[in-house]
Amino acid sequence: QVQLVESGGGLVQPGGSLRLSCAASGSIFSINFTGWYRQAPGKERELVGGITGGGTITHTDSVKGRFTISRDNAENTVYLQMNSLKPEDTAVYYCNAQTSRGMVWGKGTLVTVSS
């Protein structure tokens, strides 16, 4: 089984930056895709972007040019670098892994963008 732990959330002013981390442990060889999702208050969870096992990275249109996903294979960690943050980026950010045995979710980390 795969376990995911997110970290790096917090309070940031508009225009600021944060880097979220998603550390994976367990059967990481079974991960086909690692995605970052977010859920704002009163809204449905949405995909922010992700990275395949082969290293292909995608970002949703609303964050292109501001957010960047990367991976450190040695640390089994996927990162979400968030720049030029806006109040509408406020949400709980979740890491998700699609594995050969199903989907795994982390517990999430809260990002609040406010002055």
Side-chain angles (χ1 to χ4, degrees):
Q1 187 58 287
V2 172
Q3 296 83 41
L4 303 173
V5 178
E6 303 99 332
S7 61
L11 174 64
V12 63
Q13 292 186 343
S17 298
L18 280 177
R19 188 179 76 160
L20 306 184
S21 301
C22 172
S25 60
S27 303
I28 59 173
F29 58 87
S30 67
I31 298 175
N32 300 312
F33 178 82
T34 304
W36 281 102
Y37 289 74
R38 65 184 180 185
Q39 187 166 18
K43 295 188 177 181
E44 294 187 354
R45 193 171 297 188
E46 64 172 354
L47 177 65
V48 174
I51 181 168
T52 68
T56 300
I57 298 172
T58 57
H59 302 87
T60 194
D61 286 346
S62 63
V63 304
K64 280 182 180 178
R66 299 191 299 123
F67 291 10
T68 303
I69 291 171
S70 62
R71 182 173 65 199
D72 184 332
N73 290 325
E75 297 293 331
N76 298 324
T77 300
V78 173
Y79 300 99
L80 177 63
Q81 177 67 44
M82 305 186 294
N83 300 326
S84 302
L85 282 161
K86 305 174 181 179
E88 52 263 43
D89 294 318
T90 295
V92 178
Y93 284 72
Y94 297 91
C95 184
N96 166 275
Q98 296 180 15
T99 79
S100 56
R101 295 187 177 184
M103 294 179 67
V104 179
W105 290 93
K107 293 183 178 180
T109 185
L110 177 62
V111 172
T112 303
V113 185
S114 175
S115 56

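All values below come from the heavy atoms of this structure, side chains included, with hydrogens, waters and symmetry mates left out. We count residues from 1, following the sequence as given.
Under the 4.5 Å side-chain heavy-atom criterion for Ile, Leu, Val, Met, Phe, Trp and Tyr, F33 and I57 are members of distinct hydrophobic clusters. Under the 4.5 Å side-chain contact rule for hydrophobic residues, I28 and V104 share a cluster. Hydrophobic clustering (ILVMFWY, side-chain heavy atoms < 4.5 Å, transitive): Y93 and V63 are in one cluster. V12 and V92 fall into different hydrophobic clusters, where Ile, Leu, Val, Met, Phe, Trp and Tyr side chains are chained together by heavy-atom contacts under 4.5 Å.
Within the 4.5 Å cutoff, the side chain of T112 has heavy atoms near those of the L11 side chain. Inter-residue side-chain proximity for E46 and T60 is flagged as unmet; no heavy-atom pair is nearer than 4.5 Å. Put simply, the side chain of H59 reaches to within 4.5 Å of the side chain of I69, judged on heavy atoms. You'll find the side chain of V2 reaches within 4.5 Å of the side chain of S30, heavy atoms only. Put simply, the side chain of C95 reaches to within 4.5 Å of the side chain of T34, judged on heavy atoms. With contacts defined as side-chain heavy-atom distances shorter than 4.5 Å, the pair R66/D89 qualifies. A 4.5 Å side-chain heavy-atom check between L20 and E6 finds every atom pair outside the cut-off.
Of all heavy-atom pairs between L47 and W36, the closest is CD1-O, 3.5 Å. Pairing each heavy atom of N96 with each of M103, the nearest pair is ND2-CE, 3.0 Å. The heavy-atom pair separating P14 from S114 by the smallest distance is CD-C, 3.6 Å. Contact between I31 and A24 at its shortest, heavy atoms only, is CD1-CB, 4.2 Å. Across all their heavy atoms, N83 and S17 have their closest contact at OD1-OG, 2.9 Å. Nearest heavy atoms, N32 versus S100: ND2-N, 3.9 Å.
Classified by interplanar angle (parallel below 30°, tilted 30° to 60°, perpendicular above 60°), the ring pair W105/Y94 is perpendicular.
Here the OG atom belonging to S27 is positioned 6.0 Å from the CZ atom belonging to R101, to the nearest 0.5 angstrom. Atom-to-atom distance recorded for Q98:CD and T52:OG1 is 10.5 Å, nearest 0.5 angstrom.
The neighbour count for E88 CD, taken as heavy atoms of other residues, nucleotides or ligands under 6.0 Å away, is above 12.
Cation-pi geometry between R45 and Y37 is not satisfied (NZ or CZ under 6.0 Å from the ring centre, within 45° of the ring normal).
Taking a cutoff of 4.0 Å between a charged side-chain nitrogen and a carboxylate oxygen, D61 and K64 qualify as a salt bridge.
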Requested in this report: Test V113 against M82 for side chain to side chain contact (heavy atoms under 4.5 Å, CB included), laying out the working first.
Outcome: CA-CA 11 Å; V113 185; M82 305 186 294; over 6 Å; no
